[in-house]
Amino acid sequence: MTISNEWIPIVQVRDASIATKWLGKAIEVRGWVRTRRDSKGGFSFLEINDGSSFGNLQVVAPNALANYESDVLNLSVGSSVIIKGVLKESPGEGQSFEMEATAIQVTGHADPQTYPLQKKRHTFEKLREWAHLRPRTNTFGAVTRVRNRLSYSTHQFFQDEGFFYIHTPIITASDCEGAGQMFRVTTLPLDKLPIKEGKVDSSQDFFGKPAFLTVSGQLEGEVYACAMGKIYTFGPTFRAENSNTTRHLAEFWMIEPEAAFYELPDNMALAERYLKRMIRDCLQDCAEDMEFFDKMIQPGVVETLQLVLDKPFEHMSYTKAVEVLLASGQKFEYPVHWGADLQSEHERYLTETYIKGPVILYDYPAAIKSFYMRINDDQKTVRAMDVLVPGVGEIIGGSQREERLDVLLERMAANGLKEEDYWWYLDLRRFGSVPHAGFGLGLERMVQYVTGMVNIRDVIPFPRTPGNAEF
RNA sequence: UCCCUUGUAGCUCAGUCGGCAGAGCAACGGACUGUUAAUCCGUGUGUCGGUGGUUCGAGCCCACCCGGGGGAGCCA
């Protein structure tokens, strides 16, 4: 058989509004066998999936095919095939169209004795060990398409809103970002480190000083916001913390918009529009995948997301949140009082029990937040905001930034930060300073929220966690 | 990093009081069938995570190590 260059994605073959034009005509599809069911009526049914959609295409393979005995009857789960055939209306239930094969070329067999993914349910834990094969399953195919849609929506949303996509560095040569433990980047020989006065001599390293993988593009994002107006970053981020939870990764993807002349209310409104845009796009364009999550992963997730679209997000100050928690009558492991950071259990109560939906908390005590957040007139709180959603917790963290040089210097001194390490960041306040604000959204947490997937390791293709960098 | 839990067939798990290693699913063989996670009958499957110890005898008891999962902290 000669290989043609024109084959049709199964997502289109299964879409009646598109596929009608191919009815009765010869078409070609390419993909992987999900199941084979033989009939003594003189043919076999093949379910073919090519990743383009959740559903499979049913192919009827008649025993008149030259290689029916030799190839078709040996097709097992995971085999790859190129199939030519005629699209017909299906007499069976469960699909409106099917393909009657006129030629089947097997491009690769998958030995059923050794191919791990057989026609049965596997646990997500086991599938993590087969990260190279798990995208071939229903769940991970659906997660992959939703993740893609969220990424696409991100660019669409910010571009539509006039934000520029900025590529902030992955390697950062300053160790002063303070957002968590960092991975060291070095070309120094680890078995023979140059030592000077009892310490590693980093002047001999590649960059002439210590270098790390970025924990946030925010500071660089502020630089560009203070020139381009509105910008966003979208890239990988690294945290070397020894976190072992269902919502932390050592390598994750973060979206960080930053906008000049934005104050906290603008920032909150932006976050709400952005989240709703992503949810709407997923419900519309990944309807079949979302239906699967609703049925098999988290019953009710579609309706919940629909309700989120329909009403404005709740806003609640930190102070009010503390009052709510104190009045709740709940027994918390960690006691609540004004000034204490909110724990997971507190956030969960607020978003899952009290509000029952997304909630934006704002105006946190200055003492528990970063130095760059703008001080309120009460001198006790800062213009910080966290967006909490049920099931996931904190999905967005952001703030209005301190644009006043003298105030920022005071806060840095109070936090023991050295001016010279931040000279360029401070220059933004020296020359043409403007109020500005931004936030960070963890893409994986958004995927979790939309799909209902419980473990963050199952919403990124190749999860990096402490002790695990296979694949 | 701390607490809890777990590791037995390709996968999911059972294994009582320390006494010959078990089931379901998948796979394979057959029957049946425009089938839909098809159905029915039959067949095979082991470094019991590793090392050491206790014992006549260890999947089971003890010690240490390694891996998985959940919760907490840190955060997105």
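Throughout, protein chains are lettered first and strands after them, A, B, ... in sequence-line order, and every chain is numbered starting at 1.
Proximity of A:R34 to the phosphate of B:rA37: no side-chain N or O atom is located under 4.0 Å from OP1 or OP2. Remark: A:S344 is in phosphate contact with B:rG73, judged by side-chain N or O atoms under 4.0 Å from OP1 or OP2. Proximity of A:R445 to the phosphate of B:rA76: no side-chain N or O atom is located under 4.0 Å from OP1 or OP2. Phosphate contact (OP1/OP2 of B:rG70, side-chain N/O of A:N455, threshold under 4.0 Å): present.
Applying the Watson-Crick and G-U wobble criteria (two distances, each under 3.5 Å), B:rA23 pairs with B:rU12. Using N1 to N3 plus N6-O4 or O6-N4 for Watson-Crick, or N1-O2 and O6-N3 for G-U wobble, each under 3.5 Å, B:rA37 pairs with nothing. Nucleotide B:rC75 has no partner under the Watson-Crick or G-U criteria, as no pair reaches both atom distances under 3.5 Å. Across all strands shown, the partner of B:rA63 is B:rU51, judged by Watson-Crick or G-U wobble contacts whose two distances both fall under 3.5 Å. Figure legend. B:rG42 is base-paired to B:rC28; pairs are counted as Watson-Crick or G-U wobble with both atom distances under 3.5 Å.
Atom C1' of B:rU35 sits at a distance of 47 Å from the matching atom of B:rC60, rounded to the whole Å.
By the 5.5 angstrom centroid cut-off and the 30-degree plane limit, A:F45 is classified as not stacked against the base of B:rG34.
A:E47 pairs with exactly one of A:R37, A:R14, A:R36, A:R34 by the salt bridge (charged side-chain N to carboxylate O under 4.0 Å, His left out) rule, that one being A:R37.
Side-chain N/O atoms of A:E98 and base N/O atoms of B:rG34 include a donor-acceptor pair closer than 3.5 Å. Judged by atom type and distance alone, A:H248 reaches the base of B:rC75 through a side-chain donor-acceptor pair under 3.5 Å. Contact of A:Q58 with B:rU35 (side chain to base): a donor-acceptor pair of N or O atoms is detected under 3.5 Å.
A parallel orientation is assigned to the rings of A:Y232 and A:F158, their planes being inclined by less than 30° (bins at 30° and 60°). Between A:F471 and A:F462, the ring planes lie tilted relative to each other; the angle falls in the 30° to 60° range.
With distances taken from any side-chain atom of A:N242 to the nucleotides B:rC74, B:rG69, B:rU1, the minimum falls on B:rU1. Residue A:S39 places its side chain closer to B:rG34 than to any other of B:rA27, B:rA72, B:rG34.
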Below 3.5 Å between N/O atoms, which protein atoms pair up with nucleotides 43-49 of chain B? Just atom names and distances, please.
none

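As rounded to whole Å, 17 Å separates atom C1' of B:rA26 from atom CZ of A:R37.
At a cut-off of 3.5 Å, with distance as the only test, no side-chain donor of A:N455 or A:T246 sits close to an acceptor on the other residue.
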